[in-house]
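Written below as C-alpha cells is the structure these notes are about.
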Amino acid sequence: MSEKKEPSVWQGFKAFLMRGNVVDLAVAVVIGAAFTNIVNSVVKGIINPLVGAFGTKNLDSYSSCLKGPCTGTGDTATGVRILWGSVLGATLTFLITAAVVYFLMVLPMSKYLARQEARRKAKEGTKEVVEVTELEVLKEIRDALVAQRSSGRTGQTGQTGQAGQAGQAE
C-alpha cells in the first residue's frame with residue numbers, strides 16, 4: 001500500500017509564495033510605495049506653491065475657525081479649527097495619483113487589450129467564414145449526391161419498370 005504524504009507546512013508556504021499573483025502583488029505594493037513618494041513630491045513641490053500663489057505656500061495652514069476665537073497652534077490652540085487645507089492637499093494628491101495611474105497605466109493597457117481582442121475576433125471571424133464556406137460546400141455535395149441518387153433510382157426504376165412490362169407482354 002502506498003501512503004499519501006500530506007505536504008508539510010513549509011512546502012505549502014513555499015507553494016503559496018511561488019504563486020504568480022502573490023509575487024505580482026508584492027511588486028505592485030513596492031512600486032506603489034515608490035510612486036506615492038513621487039506624487040507627494042509633485043504635490044508639495046509644484047501644486048502647493050501654485051495654489052500658494054493665492055495665499056500661503058503650505059496648504060496645511062489653510063483653516064477656518066468654527067468656534068472662535070482661534071488662536072495658537074498645537075496644544076495651546078483655542079477654539080475649533082477646521083483644517084480644510086490639509087483635506088485639499090490630500091484631495092489633490094489623490095487626483096494626481098488617479099490621473100497618472102489612469103493615463104499612464106490603465107488607458108494604455110485597455111487599448112492594448114482591445115487591440116488584442118479585435119485581432120482575436122478577426123481571426124475567429126476568418127475561421128468562421130472558412131468553416132461556413134466548407135459547410136456550404138459539403139451541403140452542396142450532399143445535395144448533389146442526393147439528386148444523383150434520386151435520378152439514378154428513377155432511371156433504374158424506369159428501366160426495371162420497362163423490363164417488367166416487357167416481361168409481362170411476353
Side-chain angles (χ1 to χ4, degrees), residues 1-140:
M1 272 194 206
S2 65
E3 293 181 21
K4 288 185 177 180
K5 278 189 169 181
E6 291 202 19
S8 69
V9 174
W10 176 250
Q11 289 172 336
F13 183 67
K14 183 178 174 185
F16 169 73
L17 288 179
M18 292 300 130
R19 287 195 319 207
N21 54 358
V22 173
V23 174
D24 291 343
L25 183 60
V27 169
V29 168
V30 170
I31 290 174
F35 185 69
T36 300
N37 288 335
I38 292 170
V39 171
N40 286 336
S41 296
V42 168
V43 169
K44 288 180 182 175
I46 298 172
I47 303 299
N48 286 357
L50 289 175
V51 173
F54 302 106
T56 64
K57 290 185 180 179
N58 185 4
L59 287 180
D60 293 337
S61 66
Y62 288 110
S63 65
S64 297
C65 190
L66 187 63
K67 187 174 182 182
C70 291
T71 59
T73 58
D75 291 338
T76 63
T78 61
V80 177
R81 191 172 297 209
I82 303 294
L83 302 173
W84 59 270
S86 61
V87 174
L88 179 63
T91 303
L92 288 172
T93 301
F94 171 76
L95 290 175
I96 291 170
T97 304
V100 168
V101 167
Y102 179 76
F103 289 113
L104 294 182
M105 295 176 196
V106 173
L107 189 63
M109 182 58 81
S110 63
K111 285 183 179 180
Y112 171 76
L113 292 175
R115 282 194 307 262
Q116 292 295 339
E117 184 67 20
R119 286 181 190 155
R120 186 185 63 79
K121 285 190 178 192
K123 285 180 182 178
E124 285 182 3
T126 304
K127 189 180 271 186
E128 288 176 10
V129 168
V130 169
E131 289 174 5
V132 169
T133 305
E134 289 175 3
L135 184 61
E136 289 174 0
V137 169
L138 289 173
K139 284 181 180 179
E140 289 175 7

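The first residue in the sequence is number 1, and the count goes up from there.
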Should the pair Glu117-Arg120 be classified as a salt bridge under the 4.0 Å nitrogen-to-oxygen rule?
yes
List in chain and number order the residues that pass salt bridge (charged side-chain N to carboxylate O under 4.0 Å, His left out) with Arg119, two or more places apart in sequence or in another chain; answer none if no residue qualifies.
none
Interatomic spacing from CG in Leu135 to CD in Glu140 - rounded to 0.5 Å:
10.5 Å
All side chain to side chain contact (heavy atoms under 4.5 Å, CB included) counterparts of Ser41, not counting sequence neighbours
none
Can you name the residues that form a side chain to side chain contact (heavy atoms under 4.5 Å, CB included) with Ser86, not counting sequence neighbours?
Asp60, Leu83
Roughly how far, to the nearest 0.5 Å, is the CD1 atom of Ile96 from the CD1 atom of Ile38?
13.0 Å
